[in-house]
Amino acid sequence: MDYLKSLNEPQYEGVVNTDGPTMIIAGAGSGKTRVLTFRIAYLIEKKGVDPFNILALTFTNKAAKEMRDRIEKVVGTEARNLWMGTFHSVFARILRAEADKLGYPSNFTIYDADDSKQLIKTIVKELNLDDKVYKPNVVFNRISGAKNRLISWKEYLRNPVYKADDESNMKPELGRIYKIYSERCFKAGAMDFDDLLFNTNVLFKDHLDVLNKYQQRFHYVMVDEFQDTNISQYLITKKLSAVRQNICVVGDDAQSIYAFRGADIQNILNFEKDYSDLRVIKLEQNYRSTKTIVNAANSIIDKNRAQLKKNVWTDNEDGTLIELLKATSDNEEGKLVASSIFEEKMQNQLKNSDFAILYRTNSQSRAMEEALRRMNIKYKIVGGLSFYQRKEIKDLMAYLRFAINHNDEQSLRRIINYPKRGIGDSSVDKIIVAANDHNMGLWDVLNNISSFLPGRAANAVIDFVALIKRFKYDIESKDAYEAASLIAKGSGILKELYADKTVEGLSRYENVQELLNAVKEYVDDPEKEDKSLGAFLQEIALITGVDNDKDDDEEKVTLMTIHMAKGLEFKNVYIVGLEEDLFPSQMMLSSRADLEEERRLFYVAITRAENKLFMSYALSRYRFGRLKNCEPSRFIDEIDPMFIKVSKKYTKKEPTVDTNNYTKSFVSGMRKTTTSQPVVRKTSYKPSADFEPSDTSGLQAGMKVEHPKFGYGMVMEMDESGANRKAKVNFNDFGEKTLLLSFAKLKIHSN
DNA sequence: GACTCCGATCTTTTT
DNA sequence: GATCGGAGTC
């Protein structure tokens, strides 16, 4: 139990008081994860609790994995039997086991947000409603909000408050859309993200025997990031722990940043009311950051009115002042940040992985990436458009999904005529309408297609059905990897992509291969119990941006949104784009509560930094494809000025609308790439206007060079064998490609 | 049914 | 800047 000695007083309390309801309010950097991991280790080691009886819920798979690894270090491989995962993955697992009780097939599909919005779009169209009034996003958010507050479509239609509300918003049909949407999902054997929680609640409410079973199983329930739970999640955990009352929630109201998704800060405030014998522990000592950073963060969060009383302090050194960088344009901001990283690295012997650049919106990454590439600083982007959102990946996934669940409407729409097989939109519509009118399953309609479609189209459908049956057979008789490969081939996707010889087509082909590799990896992973294709698909459906950074150990600067950064820490942090309307976002400024959420977001960003914090803003920025002038964010003024110094490196010229369209030409090079994977961006490099090959007589290995097409690279070795002198040059912009190039096109950049 | 072209629309964060 | 859908054509 040596690890107990390393804890401070409140941390120790949090670890050893394992029984009864407990709430741990953990300030930023106060060792929250340590307490949680030690608490679980303590339960297993000291109390002799079987890991099988412990349930720990997190928000990201990454957090779950990290915690499991840390516990494993203390207690050994026993930790593998813990029930630990995200809310969505744990309850998806339970729902699969109990699906029949709700009338769902156990191989139900999980709809992602795209699937949901697509379905809403079709429904709005079918109802002949105006899609400008019933925008998929708006409708989806409304339905999602209802589900997160456990309001079923029946309740929604019944309750006059919602009706009046919708009517005053000129959207009286929302209840009807909600109803049809729910019915269609049910018919398709599909649940969306919110359903995973909503249906768990239904399951526990209507089937007390099931609830009882899980109440008996989970002797101890723990919830991480409690401030980000919504009502639906809160009720599940409350029910599960109702018998033994061993519930422990850990959170920080100051870091609640998901109210937009239904997270309810009231959960924290109400927790005391729900449990009269609640033990509250406050972790207030920050071990992560310098005094400057802690105090600056405090000066920000003090502006919020809705918060619990808490005094976050630190014993660490004062540290340096926060440096404020001022740029004229977003590109310039990138350059300032990149060169600042370069300098800091040199001066303080830091590694790339000691740095993070945090921004409010994903689109801000572009200017940063460009600048970092130009300075040859390696970086990785966390989140953004993920691999699994790419079209070619979704296409193959739709085949896999449909081969498992033949009623999955959204997957069917994706694949029935891709690759082209002569089944057009009107045929597809007829199929769906037939299924709804005759109250048949989609698969039944497809199997009796000749009663619904004329000959030519019907024949195409018959071939398609045969294809799917073959795939189903493959899945049942082969392992997941072989089956997926056969489907990729048999569907014609591989052939279709292989025929496309453009750079983008090639990369799409490679991506499909990459997905197959992922299946192979999954099959070969000894830690996975269920190796079926269905299990793989479920894992993929619930994966998040932060989870799939394979090259974690590589020396790279991390770029991500502030939302993704929650729970992480870095030596040096750059918060960029501190401009009014961007951060705080103009979409959040309609109410005071929203501004407070933005402020908490800013607080989260600041408290990621251990040693040194930089902030920057630009006076002009590309937005909506146009260059706009910007003003510094109000948040800068809210920090006590004694913590800030303005960098001298800011550019002196007055901001003007930047006509340099470097960004434009850079982007046009990749216009046809519908999928932008940020890490390895395969695009032609736009040289500086004044690019000219330089005298390369003195070229040697180790020198940096510039090439008009490939950008900056490092000379690896010289090749004097041929008639022309050539050099092997490594371009990390091109995914670490090494190319043999003639001297004639190279410009020596530096050595 | 397939294809092409044009214009409207939307750009906050994510399980 | 990118995507989606509609209109028009073959």
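Just so it is clear: chains get the letters A, B, ... in the order the sequence lines come, proteins before strands, and each one is counted from 1.
Whole-Å rounding puts the A/F602 CZ to B/dT13 P distance at 19 Å. Taking atom CG on A/D112 and atom P on B/dT14, their separation rounds to 14 Å, with Å as the unit. For the pair A/D114 CG and C/dT3 C1', the computed distance is 12 Å after rounding to whole Å. Taking atom CZ of A/R360 as the reference point, atom C1' of B/dT12 lies 5 Å away to the nearest angstrom. Atoms CD (A/Q586) and P (B/dC10) sit 13 Å apart, rounded to a whole Å. Rounded to whole angstrom, the span from the CG atom of A/L358 across to the P atom of B/dT14 amounts to 12 Å.
Between the side chain of A/D115 and the backbone N or O of A/Q410, no donor-acceptor pair lies under 3.5 Å. A/N405 places a side-chain N or O within donor-acceptor distance of the main-chain N or O of A/A188, the cut-off being under 3.5 Å. Looking at A/R413, its side chain never comes within 3.5 Å of a backbone N or O of A/E409 through a donor-acceptor pair.
For the residue pair A/Q118/A/R414, the side-chain donor-acceptor check at 3.5 Å is not satisfied. Side chain to side chain, A/Y181 and A/S116 meet the donor-acceptor criterion of an N or O pair below 3.5 Å. For A/E369 and A/Y379, the side-chain atoms include at least one donor-acceptor pair closer than 3.5 Å.
As judged by a 4.0 angstrom heavy-atom cut-off over every strand, A/D194 is placed among residues making no nucleic acid contact. The residue A/S427 sits close only to the backbone: its heavy atoms come under 4.0 Å of sugar-phosphate atoms, none of a base. Looking at heavy-atom distances under 4.0 Å, A/K566 makes no contact with the nucleic acid at all. Looking at heavy-atom distances under 4.0 Å, A/S426 makes contact with sugar-phosphate atoms alone, never a base. Across all strands shown, A/F87 has no heavy atoms under 4.0 Å from either base or sugar-phosphate atoms.
Pairing each heavy atom of A/S633 with each of A/P584, the nearest pair is OG-CD, 3.5 Å. The minimum heavy-atom distance linking A/L150 with A/L235 is given by the pair CD1-CD1, 3.2 Å. Closest of all the heavy-atom pairs between A/D130 and A/K132 is OD1-N, 2.8 Å.
For A/N137 and B/dT9, the shortest distance from a side-chain N or O to OP1 or OP2 is not below 4.0 Å. Considering only side-chain N and O atoms, A/N362 lies under 4.0 angstrom from the phosphate OP1 or OP2 of B/dT13. Phosphate proximity of B/dT14 to A/T561: present, with a side-chain N or O under 4.0 Å from OP1 or OP2. Note on A/N61: every side-chain N or O is 4.0 Å or more away from OP1 and OP2 of B/dT15.
Here A/F260 packs flat against the base of B/dT13; its ring centre is closer than 5.5 angstrom to the base's six-membered ring, tilted by less than 30 degrees.
Annotation: salt bridge (Lys or Arg N to Asp or Glu O under 4.0 Å) contacts of A/R360 (sequence neighbours excluded): A/E598. Partners of A/K394 by salt bridge (Lys or Arg N to Asp or Glu O under 4.0 Å), not counting sequence neighbours, listed by chain and number: A/D112, A/D114.
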Identify each atom pair where a protein N or O and an N or O of nucleotides 5-9 of chain C are less than 3.5 Å apart, giving names and distance.
residue: C/dG5; atom: OP1; partner: A/K121; partner atom: NZ; Å: 3.2

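The listed nucleotides are B/dT14, B/dG1, B/dT15; the one nearest the side chain of A/A457 is B/dG1.
Mapping A/L197 and A/K132 onto DNA chain B via the closest heavy atom, the residue that lands nearer the 5' end is A/K132. Positionally, the nearest nucleotide of DNA chain B for A/K135 lies more toward the 5' end than for the other of A/K135 and A/T86.
Residue pairs meeting the salt bridge (Lys or Arg N to Asp or Glu O under 4.0 Å) criterion with at least one member in residues 254-263 of chain A, sequence neighbours excluded, do not occur.
For DNA chain B, the residues of residues 412-421 of chain A within the heavy-atom distance limit of 4.0 Å (strictly under) are A/N417, A/K420, sorted by number. Of the residues in residues 140-151 of chain A, not one places a heavy atom less than 4.0 Å from an atom of DNA chain B.
Using bins of under 30°, 30° to 60° and over 60° for the plane-to-plane angle, the ring pair A/F635/A/F602 lands in the parallel bin.
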